[in-house]
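First up is the structure itself, then whatever we jot down about it.
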Amino acid sequence: MARAPQVLKGMRDFLPEQMLLRQHVLNTFRGVFEHYGFEPIETPVIEYLETLTGKYGEDEKLIYSFQDRGDRQVGLRYDLTVPLARFVANHRNDLTFPFKRYHIAPVFRADRPQRGRYREFWQCDADIVGTKSMMADAEVVSVWIDALSAINMPGFVVHINHRKLLMSLAEVAGVPDEQTPTIHRAIDKLAKIGEDGVLKEMQANDIPVDAARRVLDLVSISGEPGEVFAELSKRLSGNTRAEEGISELRSLFAFLEHMGADSDHYTLDLTLARGLDYYTGPVFEALSVDANIGSLGGAGRYDGLVGMFSGEDLPATGCSLGLERIFDVIQEKNLVEAPSTVSNALVTIFNDETIGDSLRLVGELRRSGVPCEIFVGEKLELRRQMQFANRKGIPITIILGPDEIQRGEVVVREMATGEQQTVPRSDLSSVITDTLRSR
RNA sequence: GUGCCUGUAGCUCAAUCGGCAGAGCACUGGUCUGUGGAACCAGGGGUUGCGGGUUCGAGCCCCGCCGGGCACCCCA
């Protein structure tokens with residue numbers, strides 16, 4: 001044992017059973033994204049390191065980077081958003097704007113692994129490039145809600161805030177702009193460590209008590225979104241940045257309401273701070289209170305990012321779901337039913353003399369549209385073949401011995417019940433269809 | 001990146017103070033030559049994650065590495 005090499009820290013293999021569930025979830029997301037008019041793209045896993053750096057702030061140290069055979073400095077993509085910005089800059093003459101794309105693919109972060117945190121994980125992104133309209137942001141939030149609803153994610157809520165409101169907090173507090181990240185870091189923990197904890201944290205980072213209190217007072221405003229916006233406007237009037245943020249959020253919430261988005265699934269959260277440097281407008285985070293696995297996805301508007309590559313400014317907004325966390329929750333809570341195997345039926349072989357008959361039958365069945373397999377092991381005992389079907393969860397076995405072959409019939413056995421019927425070969429594919437339907 | 005916990009058969013775990021590495025499940029074969037799940041019987045399977053050190057003797061103690069987990073940091 002232990003002779004076989006391990007996989008790298010934070011990376012995993014997936015067994016067929018897990019893959020069938022993952023594909024089921026991915027297909028669901030694909031369906032929801034396309035339902036909204038998002039179209040698929042793909043980009044390389046590896047980019048020039050220069051493409052990736054300078055976009056993520058502090059987190060940049062987690063980028064996997066190395067030198068390739070041509071001595072190029074390269075890196076594995078850290079998310080799907082920066083590659084999208086590069087993609088749009090490269091292909092902007094071939095795209096129709098506003099450009100809506102989705103992208104489901106693995107990304108890499110050299111983070112220390114933990115529950116729900118891996119070094120290779122899949123993101124499911126939907127973004128809209130080329131419009132400043134809050135309609136785009138509303139679409140993004142709505143598609144997110146629909147995607148999570150489609151897989152029965154329990155108790156999830158999309159928290160919404162605005163980068164411009166967040167940026168105005170330093171001003172409100174009367175401290176230098178450099179302190180902004182400190183403030184964000186502190187208030188983001190409000191739900192976790194409470195008001196005292198937040199105040200303590202800010203003070204520990206050289207923010208005066210009265211300034212900290214002003215910030216806390218502001219982000220603690222609660223009530224219906226409309227009331228909160230009114231109160232914010234009153235307190236922040238004259239602050240241009242903040243007023244822009246409030247006005248955009250007002251539109252966003254209005255659009256969401258017009259779209260019929262379920263208000264149980266989104267909420268204004270003035271303490272939400274997103275770390276990535278490139279966000280400029282509304283920011284979103286999807287959380288599940290029932291799941292206890294951290295954030296299910298992050299999102300937001302990033303109007304300056306495409307411009308960093310093309311010089312031509314193209315505003316953009318989008319969302320990202322973390323498949324691994326969603327998948328962990330699904331498995332833990334058994335949220336989604338997926339088939340345990342891909343075959344609907346196993347054609348058994350009676351003995352060496354009847355191999356040809358079984359092969360003919362499996363060929364016919366496949367051509368008639370039934371996903372099925374034939375037992376390809378060396379020992380042809382029926383019991384062994386039944387056991388194979390049983391363990392793999394193949395719902396139906398087909399038995400054809402000398403008697404059946406002579407009469408042009410086959411035996412159809414439903415594994416779950418043990419019920420068998422003898423039917424003419426010509427009826428087989430419709431009998432299988434009926435049997436599966438009646439389960 | 002920092003701090004802590006952890007690694008024994010495919011899986012879950014046991015092994016007294018440092019003194020011959022075990023059990024259940026799983027697996028393989030048989031009871032059972034036209035039928036899976038159940039039962040019974042038998043069997044295979046280990047360089048105790050890897051490497052070094054201490055010791056007469058290490059699964060157990062020490063150091064390094066690899067993997068897993070938790071809390072930070074941060075994040076999906």
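Side-chain atoms are counted along with the backbone in the values below, which use heavy atoms only and exclude waters and symmetry mates. Quick note on labels: first sequence line is chain A, next is B, and so on, each numbered from 1.
When each of rA76(B), rG37(B), rA71(B) is scored by its nearest atom to the side-chain atoms of Q114(A), the top-ranked nucleotide is rA71(B). The side chain of P113(A) lies closest to rG68(B) when the candidates are rA76(B), rG68(B), rG37(B). Closest contact between the side chain of M386(A) and the listed nucleotides rG34(B), rG36(B), rC73(B) involves rG36(B). In the set rG36(B), rU2(B), rC74(B), rG36(B) carries the atom at the smallest distance from any side-chain atom of Q387(A). Counting only heavy atoms from C-beta on, Y118(A) has its side chain closest to rA76(B) among rG68(B), rA76(B), rG37(B).
Looking at heavy-atom distances under 4.0 Å, G10(A) makes contact with sugar-phosphate atoms alone, never a base. Across all strands shown, K189(A) has heavy atoms under 4.0 Å from sugar-phosphate atoms exclusively, and none from any base. Counting any heavy atom pair closer than 4.0 Å across all strands shown, R391(A) reaches sugar-phosphate atoms only and no base atom. Nucleic acid contact for E120(A): none, since no nucleic acid atom lies under 4.0 Å from a heavy atom of the residue. The residue E381(A) sits apart from the nucleic acid: no heavy atom pair falls under 4.0 Å. Using a 4.0 Å heavy-atom distance criterion, V107(A) is classed as making no nucleic acid contact. Residue contacts shown for L382(A) include a base, since a base heavy atom lies under 4.0 Å away. Note on R115(A): only backbone sugar-phosphate atoms sit closer than 4.0 angstrom, heavy atoms only; bases stay farther off. Residue contacts shown for D403(A) include a base, since a base heavy atom lies under 4.0 Å away. Residue L323(A) is out of contact with every strand shown, counting any heavy-atom pair closer than 4.0 Å. Counting non-hydrogen atoms under 4.0 angstrom, Q385(A) reaches nothing in the nucleic acid. Backbone-only contact: G297(A) has heavy atoms under 4.0 Å from sugar-phosphate atoms and none from a base. Residue A416(A) is in base contact, counting any heavy-atom pair closer than 4.0 Å across all strands shown.
For R413(A) and rU35(B), a side-chain-to-base donor-acceptor distance below 3.5 Å is present, hydrogens and geometry of angles not being considered. Judged by distance alone, with hydrogens and angles left aside, E404(A) brings a side-chain donor or acceptor within reach of the base of rG34(B), the pair sitting under 3.5 Å. Put simply, the side chain of R117(A) and the base of rC70(B) share no donor and acceptor less than 3.5 Å apart.
rU54(B) sits 11 Å from rC63(B) when the C1' atoms are compared, rounded to a whole Å. Only the P atoms considered, rA39(B) is 8 Å distant from rA26(B), to the nearest whole Å. Look at the C1' atom in both rA76(B) and rG7(B): the space between them is 28 Å, to the nearest Å. Rounded to whole Å, the P atom of rG46(B) lies 13 Å from the corresponding atom of rG22(B). Rounded to whole Å, the separation between the C1' atoms of rA21(B) and rU48(B) comes to 8 Å. Between the P atoms of rC60(B) and rA15(B), the separation comes to 15 Å (whole Å). Taking the C1' atom of each, rG30(B) and rG44(B) are spaced 14 Å apart, rounded to whole Å. On the C1' atoms, rG19(B) is 10 Å away from rA58(B), given to the nearest whole Å.
With rounding to whole Å, L296(A) atom CG is found 12 Å from rC75(B) atom C1'. Atoms CG (D188(A)) and P (rC72(B)) sit 13 Å apart, rounded to a whole Å. In this structure, the CZ atom of R384(A) is 13 Å from the C1' atom of rU33(B), given to the nearest Å.
For D137(A) and R301(A), the salt-bridge test passes: some basic side-chain N is under 4.0 Å from an acidic carboxylate O. A salt bridge links E332(A) with R115(A): at least one charged nitrogen is closer than 4.0 Å to a carboxylate oxygen. A salt bridge does not link D217(A) to R214(A): none of the charged nitrogens lies less than 4.0 Å from a carboxylate oxygen.
An OP1 or OP2 oxygen of rC73(B) is reached within less than 4.0 angstrom by no side-chain nitrogen or oxygen of R112(A). Put simply, K379(A) has no side-chain N or O that comes within less than 4.0 Å of OP1 or OP2 on rU33(B). The side chain of K9(A) contributes an N or O atom lying less than 4.0 Å from OP1 or OP2 of rG67(B). Contact between the side-chain N/O atoms of K192(A) and the OP1/OP2 oxygens of rC72(B) is found at a separation under 4.0 Å.
When both pairing distances are held under 3.5 Å, rA42(B) makes a Watson-Crick or G-U pair with rU28(B). Pairing of rG1(B), defined by two Watson-Crick or G-U wobble distances under 3.5 Å, is identified with rC72(B). Searching all strands for a Watson-Crick or G-U wobble partner of rG64(B) with both distances below 3.5 Å returns rC50(B).
There is a side-chain donor-acceptor pair under 3.5 Å between E285(A) and S295(A).
Looking only at side-chain heavy atoms (C-beta outward), L148(A) and I326(A) come within less than 4.5 Å of each other.
Of the residues in residues 38-57 of chain A, none has a non-hydrogen atom less than 4.0 angstrom from any atom of RNA chain B.
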Passes side chain to side chain contact (heavy atoms under 4.5 Å, CB included), H91(A) versus F99(A)? Steps please.
CA-CA 11 Å; H91(A) 304 288; F99(A) 174 58; over 6 Å; no

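Remark: ring of F388(A) does not overlap the six-membered base ring of rG36(B) in a stacked fashion, as centroids less than 5.5 Å apart with planes less than 30° apart are not both met.
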